[in-house]
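Input: a single structure, listed below in structure tokens.
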Amino acid sequence: MERFTKNRLFVWLVYLILGLLAIYLLLLIKPLIVNVYVFLKAVLAPFAIAMIISYVLNPIVTLLHDRKVPRTIAVLLIYAVFCAVITVLLVNLIPMFIEQVQELNRHVPELSMRAQDIVTDINNTSFLPESIRSGMNKSLLHMEKKLSEFLFNFVNNIGTMLNAVFIAFIIPFLAFYILKDFDVFERTVITYVPKSHRKNTVRLLKDIDAALGSYIRGQFLVCVIVGVLAYCGYLLIGMPYALLLAGIVAITNVIPYLGPFFGAAPALLVASTISLKMVILVAIINTLCQILEGNVISPQVVGRTLHMHPLAIIFALLVGGEIAGILGMILAVPIFAACKVIVQHMFAYYVRRKII
């Protein structure tokens with residue numbers, strides 16, 4: 001028996017069997033895990049969002065606190081400035097946004113007719129095989145069906161929307177209390193760590209903050225800059241609904257690699273109902289925005305703090321999207337980077353123990 005236990009192949013085989021058994025057991029209790037996940041997601045989501053907001057704003061609160069401003073006053077001051085800026089922006093942008101949405105709503109039948117004319121012209125083109133034309137027609141029918149299902153679900157999910165509004169309402173209050181007692185939470189967490197590990201734990205938290213701090217805070221600024229650039233570009237080429245479409249570009253830009261494609265898709269779809277020239281111009285504008293974002297804006301604002309290979313980022317995006325959809329894709333990279341720092345510290349810790 002001792003000969004088997006010292007055999008590396010036998011040990012790996014045992015680990016493989018145990019791993020497969022664990023996977024099988026997880027599959028058996030999958031419904032229970034899904035229900036627990038849905039419950040925790042509903043309960044903890046507001047706290048998670050509030051913690052992210054607090055993490056982003058904490059450096060400003062700390063800076064004011066270092067200048068003898070009480071943390072409560074500092075948080076209230078930030079909230080007041082934020083509300084004032086948002087109010088000014090909303091007062092100026094909401095009428096323009098509503099006007100563009102109403103204009104889009106008025107022109108939907110016209111755009112639909114243009115799209116049908118384009119499809120009809122393509123179907124009448126002899127150089128396209130019958131299978132491709134049939135596939136395009138089926139795709140359009142599928143898109144129309146999905147759109148009608150989305151509108152139906154939107155109308156029927158009013159209760160869910162009200163719940164989301166309630167959650168959005170309580171998040172600022174949660175963020176306020178977290179920001180007010182942020183340093184208290186830090187000290188409390190450290191007190192639960194054994195004294196022999198406190199130094200390493202503090203170093204770990206500082207490394208995580210260094211890896212994520214500039215990324216999370218800078219990413220918001222990058223999205224705003226990219227949105228402004230897209231808006232200016234759309235205005236220059238005479239693209240309709242420039243503010244609405246540029247807003248989509250700004251929001252989706254927070255998703256690495258895949259975000260630019262998501263952001264450009266609505267603009268390209270609208271441009272396709274206008275002319276081929278407009279499609280090319282929209283593609284050029286989005287390409288220029290992403291070139292500037294990747295080579296000028298992000299390196300200056302965010303920096304290269306994550307040091308993650310593109311394949312690792314894409315893997316994290318796929319996992320995050322599978323677990324929590326768009327929100328999972330947005331949070332996947334920061335969470336993956338934090339896990340990477342934790343694994344590096346654990347590896348270094350065990351290496352030091354072996355050397356000692």
Side-chain angles (χ1 to χ4, degrees), residues 49 52-60 63 78-79 81-97 100-101 209-271 278 280-308 310 313-314 316-317 320 326-327 329-334 337:
I49 297 173
I52 293 171
I53 295 173
S54 303
Y55 181 77
V56 172
L57 296 179
N58 184 60
I60 305 174
L63 181 64
I78 291 174
Y79 269 46
V81 173
F82 177 78
C83 291
V85 172
I86 291 297
T87 301
V88 172
L89 289 175
L90 292 180
V91 167
N92 290 276
L93 294 180
I94 280 184
M96 188 187 307
F97 183 81
Q100 292 194 1
V101 171
D209 181 67
L212 300 183
S214 62
Y215 174 81
I216 294 176
R217 299 176 191 112
Q219 199 65 38
F220 288 105
L221 182 58
V222 169
C223 291
V224 173
I225 295 173
V226 170
V228 171
L229 291 176
Y231 177 64
C232 295
Y234 289 162
L235 287 179
L236 286 175
I237 64 176
M239 183 69 180
Y241 327 116
L243 179 62
L244 181 63
L245 297 173
I248 296 174
V249 172
I251 294 171
T252 56
N253 192 76
V254 74
I255 305 174
Y257 294 104
L258 303 179
F261 297 101
F262 295 153
L268 290 171
L269 186 61
V270 174
M278 186 60 73
I280 295 173
L281 290 175
V282 169
I284 291 173
I285 291 296
N286 281 277
T287 302
L288 289 176
C289 287
Q290 294 311 313
I291 290 174
L292 289 173
E293 189 267 340
N295 296 281
V296 179
I297 301 171
S298 284
Q300 296 298 323
V301 177
V302 180
R304 305 295 184 183
T305 56
L306 293 183
H307 304 293
M308 291 173 60
I313 293 178
I314 293 174
L317 291 175
I326 297 296
L327 181 62
M329 297 179 74
I330 293 172
L331 299 178
V333 175

Quick one: [atom1] on [X] to [atom2] on [Y], what's the gap to the nearest 0.5 Å?
X    : Y    : atom1 : atom2 : result
I78  : N58  : CD1   : CG    : 9.0 Å
I280 : L268 : CD1   : CG    : 11.0 Å
L236 : I285 : CG    : CD1   : 6.5 Å
N253 : N286 : CG    : CG    : 10.0 Å

Nearest atoms (heavy-atom pairs only) where L245 meets P240 | CD1-O, 3.6 Å
Shortest non-hydrogen separation from V249 to G263 and the atoms involved = CG2-O, 3.5 Å
Going by side-chain contact (heavy atoms from CB on, under 4.5 Å), name the residues that satisfy it together with [X], two or more places apart in sequence or in a different chain.
X    : result
I53  : I49, L57, I171, A175
F262 : T252, I255, L258, M329
A271 : M239, M278, V279, V282
A246 : A230, Y231, Y234

